[in-house]
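The first residue of the sequence shown is numbered 1, and numbering continues consecutively from there.
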Amino acid sequence: MATTNTSFFDKEDMSKYCVTFPPRVNSVGIFINEKNDKFYVMDYALPRLELEILLIFVFGQAFHFILRRAETPIFVSHMIAGLIVGEVMSLMIPNNDGTNMMKSSEDNTIVMGSMAAFGYSFYMFLNGVKMNLSLIKKAGATSIIGGVLTVIIPLLILVCFNTFNVLRCHSSQSFFVASTYCLTSFPVIADLLRHLKIINTELGRLALSTAIVGDLLSLFLFIVNALIKIGLAVRNPLEDLASEIIIVASFIFVVVLVFRPAVYWIVRNTPVGRPVKEIYVYFVILTLMATTFLTKEFGQFLLFGPFVLGLVIPNGPPLGSALEEKLEPMISGMFLPLFVASTTTRIMPLRLGNLDTSDIDELLKKELVFLAMFASKFVVSAGFSLYNKMPKYDALALACIMSTKGIVELGWYGFLSDGKLMEFNLYMLLVFLIMGIAILVPILVRILYNPKRKYASYQKMSIMNSILNSELSIVACIHVPNNVNAIVNLLDVASPSKDSPISINVLHLVKLSAQSSPIFITHQLDRQALSSNQNSYSGNVILSFKQFEQNHYDGVSLNVFTAISPDDMMDEDICTLALDKHASFIIIPFHRRWYINGSIESDDHTIMALNWSVFERAPCSVGVLVDRGHIRRPTSTKSTENILMVFLGGVDDREALTFANRMAQDSRVKLTVLYIHTSTHNYVENLRSWERLLDFEVLKSVKDNVHVDYVEKEVNDGHVTATMLREMVNDYQLVIVGRRFGVDCPQTSGLKEWSEFPELGILGDLLASRDLYSMSSVLIVQQQIISENMR
């Protein structure tokens, strides 16, 4: 097919355009040439687009592999990939005379730009869905004032710079730049907090509540600026401004009064615990695409419609989580990296040397202006936090978080540059500033803020150090309904009574889904609302433990909490609650669950990683409950609960024995203590005499207790220990052992090499293993670890 080049002029801006007819989209192949055609394969739009996408992902993942060690967000790697791909693509497209030059393609630009805009609009929609507007109601005066100040003061500073003509551009451009650079972006801050795994810390919650106030104020300012800009750009400003206001108001009216009731009807008509119907999900997606189209057709900013539409959709299950499940992998995995890379492919850093001296001087002045705005945002946030008596390092970390920039700002600057509302040199400067800030801020926050620091305690919070017959404070964690009966039965066997009371703080852990903000619910603060809403997150959990409290009204005090947070950050909620409640013991479920016949029901490696984290940072003692469904409190004086405590020695075993002794206070609980010792000379000599003295002191109290069976066994090999326990454990409903992590001794020699669950310690792993063919439940106990690294 013959190919012709046609040129024409745009009468408005007198620019000359060259277009190839017909457009070259699909190549015929690398080794096949068309007749009389000398075009290179990269002259075709589709191969060029495919190669560009491939290079973006290859370079992006390669740089992220290097930069992630410095806590750098992945979008920075995609920005760097875009810079490289822009240069690589320009060198791979030769001119007809054999020289290499940048050959832009109308088709390629349209396709790549459309994919990027599509991904960004869906990204903003999902962030609107995830945004929890109830945070505004819960935000205190500190968050509201801080959110307003961090937006208004940088805006005023830039307006002052513009008044003195420092930016040297039209006032509308300055106003737009101000409204974008001064904004506080909630999605960017939420992504940063999630990346640093501090989103559910005290600092993270404060940053989120402050950010949502600043974000909504920024959105309002941007809409006002856009309306004013459009109104002043036409011949009849008042009429057009009025029409623009009517269009925006009509859109908001339809979304709030028509679309919002429709999605709430969908939520109400979806049975509890059931997924929303697919047709409803597709209805929302089609509405989103129509909204994007109409927003553009009516001359509004592209992202205004999708973001507002997302705000009215209730976050969380069933609809919000269904939308996230459908869209998140595609957006974050495919379209968003392409969008981020597309914002930098146009820069081509090798051509920055073509800037003349005047351009460089102007860029330096503008850079100083924006650095001054960044500094003002930082100083305002830090100063206001210090004024409210926040620790200085936390205040500086919060200021860094509130001053960060990211994907949202990249999108705003890209659209402003495409719309000729921002000079390209200024766009280029802002992109590099975003890259620098995104690299620097995570490093500074990690240096300034260590959430583990608050767990450093000089006070020993353990069962052994609690006062005898005083109230024992316990945090009991629940993941799934099956955990409820296991925890209740264990606490039941712990013999709560008036003389030996227990304070139970139940924490129901729920995975954060389709929400940006973690939620921590204290159910005692709203009992009336709870009783009227049985479909709440923790309704069944509360009812079960309330029944347990009523059965032990004189020995149990109950508090119930729900923590909705990312599954890899739940340890923060657990440890913070234990610290606030001065708990001596945390009980967490094992990640593997069994059926009543002993076969494996499920394995959850997320819970396994969570248990590791709790062991490492808990401010008190920790117990992992391996439940096989056979723990039962005796229902009569004739029935008994047989419990075995295996004692080898050390702090963890002494802690476990102390908890077992508490159970033995009930005459219907039959406790057997098995002391496994060794006669190996070297081991006995190397064992510290003080540790041996403490072990003997604890065992002495057991020997003197007529209600406890005390058994001693001399063992010098791990194989003998395993054989002995295999023969004994099925006679007991519950086996209690110390974790003894990292402790080697002759009694367990040779067992470590076969360990399947190293987080449980050697004996705990042996008793939890499927190879033991045991039907007994196991409680693995670790005494509080006071780490010098946390201080």
Next on the checklist: Working note: Q784 + S462, criterion side-chain hydrogen bond (donor to acceptor under 3.5 Å, both in side chains); need CA distance, chi angles, decisive distance, verdict.
Outcome noted: CA-CA 6 Å; Q784 176 196 18; S462 64; 5.2 Å; no

Next on the checklist: Determine whether R593 and D627 satisfy the following criterion, salt bridge (charged side-chain N to carboxylate O under 4.0 Å, His left out), listing intermediate values before the conclusion.
Outcome noted: CA-CA 7 Å; R593 297 198 301 274; D627 176 51; over 6 Å; no

Next on the checklist: Would D603 and R592 count as a salt bridge (charged side-chain N to carboxylate O under 4.0 Å, His left out) here? Give the steps.
Outcome noted: CA-CA 5 Å; D603 260 338; R592 175 173 289 179; 2.9 Å; yes

Next on the checklist: Is there a side chain to side chain contact (heavy atoms under 4.5 Å, CB included) between V702 and L657? Walk through the geometry before answering.
Outcome noted: CA-CA 9 Å; V702 174; L657 182 55; 3.7 Å; yes

Checklist entry - How far apart are the C-alpha atoms of K700 and E697, what are their side-chain angles, what is the distance that settles it, and do they pass the salt bridge (charged side-chain N to carboxylate O under 4.0 Å, His left out) test? => result CA-CA 5 Å; K700 181 181 177 181; E697 188 66 26; 5.4 Å; no

Checklist entry - Are F647 and H677 close enough, and set up right, to give a ring-ring contact (aromatic ring centres under 6.0 Å, His included), and what steps lead you there? => result CA-CA 9 Å; F647 189 93; H677 60 88; over 10 Å; no

Next on the checklist: Run the side chain to side chain contact (heavy atoms under 4.5 Å, CB included) test on V735 and L779 for me, step by step, so that the C-alpha distance in whole Å, both residues' side-chain angles and the decisive distance to 0.1 Å come before the verdict.
Outcome noted: CA-CA 6 Å; V735 181; L779 180 65; over 6 Å; no

Checklist entry - Where do R662 and S500 land on the side-chain hydrogen bond (donor to acceptor under 3.5 Å, both in side chains) test, with the steps shown first? => result CA-CA 8 Å; R662 192 179 185 98; S500 182; 2.9 Å; yes

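Atom CD of E756 has more than 12 heavy atoms from other residues, nucleotides or ligands within 6.0 Å. Within a 6.0 Å radius of CD in E753, other residues, nucleotides and ligands contribute more than 12 heavy atoms.
Under a 4.0 Å N-O distance rule, the pair R654/D695 qualifies as a salt bridge. With respect to K130 and E324, a salt bridge is recorded, a charged nitrogen being found less than 4.0 Å from a carboxylate O. Ionic pairing of D567 and K511 is present here: one or more N-O contacts between side-chain nitrogen and carboxylate oxygen are shorter than 4.0 angstrom. Classification of E572 and R205 as a salt-bridged pair fails, no side-chain N sitting under 4.0 Å from a carboxylate O.
Between L398 and S381 the shortest side-chain heavy-atom distance falls below 4.5 Å. Counting heavy atoms from C-beta outward, Q783 and I463 have side chains that stay 4.5 Å or more apart. Counting only heavy atoms from C-beta outward, the side chains of L507 and N505 never approach each other to under 4.5 Å.
Side chain of T748 to backbone of L751: no donor-acceptor contact under 3.5 angstrom is found. Under the 3.5 Å distance criterion, the side-chain polar atoms of H195 are matched with a main-chain donor or acceptor of E71. Here the side chain of S701 pairs a donor or acceptor atom with the backbone of V698 at under 3.5 angstrom. Side chain of S209 to main chain of L206: a donor-acceptor pair is present (N/O by atom type, distance under 3.5 Å, no hydrogens or angles). With hydrogens and angles disregarded, a donor-acceptor distance shorter than 3.5 Å links the side chain of D653 to the backbone of L648. Looking only at distances, a side-chain donor or acceptor of Q747 sits under 3.5 Å from a matching main-chain atom of I676. Between the E471 side chain and the P501 main chain, no donor and acceptor come within less than 3.5 Å of each other.
Between F520 and F561, the ring centre distance stays below 6.0 Å.
Applying the side-chain hydrogen bond (donor to acceptor under 3.5 Å, both in side chains) test to D191 and every residue at least two apart in sequence or in another chain returns Y123, R194.
Distance CG/L725 to NZ/K713: 11.0 Å, rounded to 0.5 Å. Here the CG atom belonging to N200 is positioned 7.5 Å from the OG1 atom belonging to T576, to the nearest 0.5 angstrom. We find the OG-CE distance between S584 and M461 to be 4.5 Å, quoted to the nearest 0.5 Å.
Note that R739 lies in the cation-pi zone of F615, set by a 6.0 Å cut-off to the ring centre and a 45° limit from the axis.
Between E655 and S621, the side chains place a donor N or O and an acceptor N or O closer than 3.5 Å (distance only, hydrogens not considered).
In terms of heavy-atom proximity, I198 sits nearest to M569 at N-SD, 4.3 Å. Pairing each heavy atom of A395 with each of L386, the nearest pair is CB-CD2, 3.7 Å.
Judged as a ring-ring contact (aromatic ring centres under 6.0 Å, His included), not a single pair has a partner in residues 473-503 (not counting sequence neighbours). Identified under the ring-ring contact (aromatic ring centres under 6.0 Å, His included) test for residues 734-754, with sequence neighbours left out: W612-F741.
Between H552 and F548, the angle of the ring planes lies from 30° to 60°, which puts this pair in the tilted group. Ring pair F757/H591 is perpendicular by interplanar angle, where above 60° counts as perpendicular and below 30° as parallel.
Checked options L760, D604, I607, N483; the residue passing with F590 is L760 (criterion: side-chain contact (heavy atoms from CB on, under 4.5 Å)).
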